[in-house]
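Take a look at the structure set out below.
Just so we're clear, the structure is a prediction, and the values are computed from it rather than from any experiment. In what follows, chains carry the letters A, B, and so on, assigned in the order in which the sequence lines appear, proteins first and then strands, with residues in each chain numbered from 1.
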Protein chains: 2
Amino acid sequence: MTERPRSSASPGIPQERSTRQKRALAAVLDTSPVFRSAQELHAELQARGENVALTTVYNQLRALAEVGELDSLRGDDGETRYRRCRTESHHHHLVCRVCGRTVEVDGPEVESWAETVAARHGFADVAHTVEVLGTCADCARYG
Amino acid sequence: MTERPRSSASPGIPQERSTRQKRALAAVLDTSPVFRSAQELHAELQARGENVALTTVYNQLRALAEVGELDSLRGDDGETRYRRCRTESHHHHLVCRVCGRTVEVDGPEVESWAETVAARHGFADVAHTVEVLGTCADCARYG
DNA sequence: ATCGTTGCAAATGTTTTGCATGTCA
DNA sequence: TGACATGCAAAACATTTGCAACGAT
């Protein structure tokens with residue numbers, strides 16, 4: 001296996017390519033403040049007249065989430081929902097169980113509590129998930 | 001529709017029945033300190049020589065969790081894991097990502113933080129999920 | 001004898017994968 | 001052109017459901 005330099009790309013590092021489908025999905029995600037499932041996003045694309053295969057939506061969402069460009073959330077119904085990250089820093093979510101509206105919140109108390117609790121039990125490399133679920137003001141009024 | 005009193009049961013309230021399968025599953029759950037999936041529990045039953053259909057395991061787990069006898073947890077892999085409740089009161093979990101060991105922890109800070117954050121945004125009927133994931137001392141040493 | 005329970009088979013629903021074809025660079 | 005992306009069809013999973021047979025009370 002004699003190696004030979006490629007023309008203009010580092011070996012092994014795959015190139016991202018811009019496609020209509022990626023752009024369309026990105027556009028939908030950009031205008032979507034709440035978490036949405038692959039199916040919902042796919043439906044939205046259809047509604048916009050963009051034909052993108054469901055498979056592709058899945059593939060993209062997974063890839064984007066892996067790279068950290070999307071926040072993902074697994075619901076009780078088994079669906080994974082995605083949303084574009086807004087804040088760079090670590091944060092948590094306050095989700096309305098009725099309309100799905102999401103507010104990003106941070107919580108120094110929680111961070112330090114998690115650290116403390118973990119340390120007390122000898123745990124290292126600590127990560128944590130915090131989700132607060134409730135009924136937002138609007139939904140409580142009319143729901 | 002003339003009504004007539006039944007011999008010994010209130011109408012509409014179903015009776016629980018004790019079966020070999022239920023007992024077997026309960027036994028496994030009793031000796032299981034960590035969260036386990038339906039599949040794992042089913043395998044364990046097989047290993048013990050108890051033939052219980054996977055369907056039944058699923059049915060039971062769902063029923064038990066509904067009644068609040070089991071804590072359930074949805075993992076990133078899409079599997080739901082179950083474990084017998086230990087504490088009556090509200091609590092959270094500190095889970096070792098390597099061996100799955102679980103410690104139950106409580107956190108007044110978190111509770112009040114969740115309340116506060118939700119209230120600040122006008123959310124009602126607040127529930128929250130908190131999970132701390134880390135590597136426990138043993139696994140960190142040898143892992 | 002009743003009526004909850006079981007468990008097979010089949011359905012459901014989400015997500016992944018194989019692979020031939022399309023397309024950006 | 002050539003590597004990555006797409007998308008159909010089908011697989012892979014976890015879980016649920018229909019329903020006939022079973023068994024605890």
Side-chain angles (χ1 to χ4, degrees), chain A residues 3-28 35-46 48-67 69-70 72-82, chain B residues 4-28 35-46 49-67 69-70 72-82:
Chain A
E3 290 208 5
R4 179 208 286 235
R6 302 293 176 70
S7 49
S8 65
S10 321
I13 292 137
Q15 328 278 61
E16 282 252 330
R17 248 169 227 189
S18 166
T19 63
R20 176 182 61 77
Q21 291 87 333
K22 284 187 183 178
R23 267 174 266 125
L25 179 55
V28 171
F35 281 86
R36 314 182 69 178
S37 69
Q39 315 267 356
E40 286 166 357
L41 291 165
H42 179 247
E44 170 89 30
L45 284 167
Q46 294 289 314
R48 293 189 181 199
E50 293 282 5
N51 281 74
V52 181
L54 182 56
T55 307
T56 301
V57 174
Y58 274 115
N59 282 336
Q60 282 308 317
L61 291 176
R62 184 156 46 92
L64 290 172
E66 232 160 52
V67 172
E69 205 166 315
L70 294 184
S72 72
L73 208 61
R74 182 152 335 226
D76 280 337
D77 59 349
E79 270 189 341
T80 307
R81 315 187 99 79
Y82 300 87
Chain B
R4 180 211 286 239
R6 297 306 169 67
S7 48
S8 63
S10 320
I13 292 134
Q15 324 281 59
E16 283 251 331
R17 257 172 220 188
S18 166
T19 63
R20 176 182 62 76
Q21 292 86 332
K22 283 187 184 178
R23 269 174 266 124
L25 179 55
V28 171
F35 282 87
R36 314 182 68 179
S37 69
Q39 315 268 354
E40 286 167 357
L41 291 165
H42 179 248
E44 170 90 29
L45 285 166
Q46 294 289 313
E50 293 281 4
N51 282 73
V52 181
L54 183 56
T55 306
T56 302
V57 174
Y58 274 113
N59 282 337
Q60 283 307 317
L61 290 176
R62 183 156 46 93
L64 290 171
E66 232 159 52
V67 171
E69 205 167 315
L70 294 183
S72 70
L73 207 62
R74 184 154 330 228
D76 281 335
D77 58 350
E79 271 189 339
T80 307
R81 315 187 99 78
Y82 299 87

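- When all heavy atoms are compared, the tightest approach of Val52(A) to Gln46(A) is O-NE2, 3.9 Å.
- Per the geometry, CD belonging to Gln60(A) stands 15 Å off P belonging to dT15(C), to the nearest Å.
- Residues passing the side chain to side chain contact (heavy atoms under 4.5 Å, CB included) test with Glu40(B) are Arg36(B), Ser37(B), Arg81(B), sequence neighbours excluded.
- Look at CG on Leu61(B): it is 15 Å from P on dT5(C), rounded to the nearest Å.
- Electrostatic pairing of Glu50(B) and Arg23(B) does not count as a salt bridge here, judged by no charged N lying under 4.0 Å from a carboxylate O.
- Residue Asp77(B) is out of contact with every strand shown, counting any heavy-atom pair closer than 4.0 Å.
- Residue Glu79(B) contributes atom CD, which lies 14 Å from atom C1' of dT14(C) at whole-angstrom precision.
- Gln39(A) has no side-chain polar atom (N or O) that falls below the 4.0 Å cut-off from OP1 or OP2 of dG13(C).
- Among the nucleotides dT15(D), dT15(C), dT6(C), the one closest to the side chain of Gln21(B) is dT6(C).
- Separating the OH atom of Tyr58(B) from the P atom of dA10(C) is a distance of 18 Å, rounded to the nearest angstrom.
- Taking both residues in full, the closest heavy atoms of Asn51(A) and Arg20(A) are given as O-NH2, 3.0 Å, listed atom of the first, atom of the second, then distance.
- Residue Tyr82(B) comes nearest to Ala65(B) through the heavy atom pair CE2-CB, 3.9 Å, listed as atom of the first residue, atom of the second, then distance.
- Atom P of nucleotide dT15(C) and atom CD of Glu66(A) are separated by 15 Å, given to the nearest angstrom.
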Self-check item: Nucleic acid footprint by protein, nucleotides 17-25 of chain C - heavy-atom cut-off 4.0 Å, B for base, S for sugar-phosphate alone
Solution: B-----BBS
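- Here dG7(D) is the nucleotide among dA14(D), dG7(D), dT15(C) with the atom lying nearest to any side-chain atom of Thr56(A).
- Checking dG7(C), dT15(C), dG7(D) against every side-chain atom of Val52(A), the shortest atom distance belongs to dG7(D).
- Considering all non-hydrogen atoms of both residues, Thr80(A) and Ser72(A) come closest at CG2-CB, 4.1 Å.
- To the nearest angstrom, P of dT6(D) lies 12 Å from CD of Glu50(A).
- Side-chain contact annotation: Gln39(A) with Tyr58(A), donor-acceptor N/O pair under 3.5 Å present.
- Distance, Leu54(A) CG to dG13(C) P: 14 Å, rounded to whole Å.
- If you take OH of Tyr82(A) and P of dT14(C), they are 13 Å apart, rounded to a whole angstrom.
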